[in-house]
Amino acid sequence: GEAAAAAVAGAGGSSGSVQFVAVRPCDRCKMTTLDPVTAEGGDEPLDTLATFRTGKLLGVAPSHKAWTHSVFFAKYLVSSQVGAALHVGDEVVATLQTDMAAALQETQRRVAVA
């Protein structure tokens, strides 16, 4: 689901409608492998995610070779309105695109013209 999100919109609250654009996929860092109590590192969840969430498997590697072996599990979103905000309880709707490479190109185009 979220890997293919091309845009997100929130409605409600005093801010009205807020549009967000996904500017790029978010790769996971080693911090996700640290035990929060002991600070000891491990391999999970990155090893499991790497079986189905790498740039190569998601189709973003052809346009960004450095992302071939990166593990992705989110998107960076940017509001298209200055000062806009979402609030607890606001409805959020994601517009989906199944081709992640096409979604990345489209969001980069949107940001470039904004």
Side-chain angles (χ1 to χ4, degrees):
E2 105 293 324
V8 175
S14 60
S15 60
S17 179
V18 180
Q19 300 291 318
F20 291 89
V21 176
V23 293
R24 76 176 194 91
C26 177
D27 53 325
R28 302 284 76 191
C29 68
K30 289 296 271 183
M31 290 297 293
T32 62
T33 66
L34 297 178
D35 182 307
V37 176
T38 66
E40 290 186 30
D43 297 322
E44 292 298 336
L46 295 182
D47 278 358
T48 298
L49 290 171
T51 65
F52 63 100
R53 305 281 310 181
T54 64
K56 181 178 181 179
L57 294 173
L58 294 172
V60 296
S63 58
H64 295 81
K65 293 292 184 195
W67 291 352
T68 299
H69 300 291
S70 295
V71 174
F72 295 98
F73 193 71
K75 286 216 171 240
Y76 289 104
L77 301 177
V78 175
S79 172
S80 56
Q81 294 109 328
V82 175
L86 287 176
H87 304 282
V88 173
D90 286 353
E91 179 182 9
V92 176
V93 178
T95 303
L96 299 179
Q97 205 169 31
T98 56
D99 181 349
M100 190 167 175
L104 179 61
Q105 290 173 345
E106 174 62 16
T107 55
Q108 288 173 333
R109 184 194 64 76
R110 288 182 189 185
V111 170
V113 298

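- In this view, Thr51 satisfies the side-chain contact (heavy atoms from CB on, under 4.5 Å) rule with no residue, not counting sequence neighbours.
- Thr68 places a side-chain heavy atom less than 4.5 Å from the side chain of Lys56.
- With sequence neighbours excluded, the residues that form a side-chain contact (heavy atoms from CB on, under 4.5 Å) with Glu44 are Asp47, Thr48.
- Heavy atoms only, all atoms of each residue included: Leu58 and Phe72 are closest at CD1-CB, 3.9 Å.
- Minimum heavy-atom separation, Leu49 to Phe73: CD2-CD1, 4.0 Å.
- Taking each heavy atom of Ala66 and Ser70 in turn, the nearest pair found is O-OG, 3.6 Å.
- Evaluation of the side-chain contact (heavy atoms from CB on, under 4.5 Å) rule for Leu46 yields Arg28, Lys30, Thr32, Thr33, Val71 as partners, not counting sequence neighbours.
- Contact annotation: the side chain of Pro25 approaches that of Trp67 to within less than 4.5 Å [non-hydrogen atoms, C-beta and beyond].
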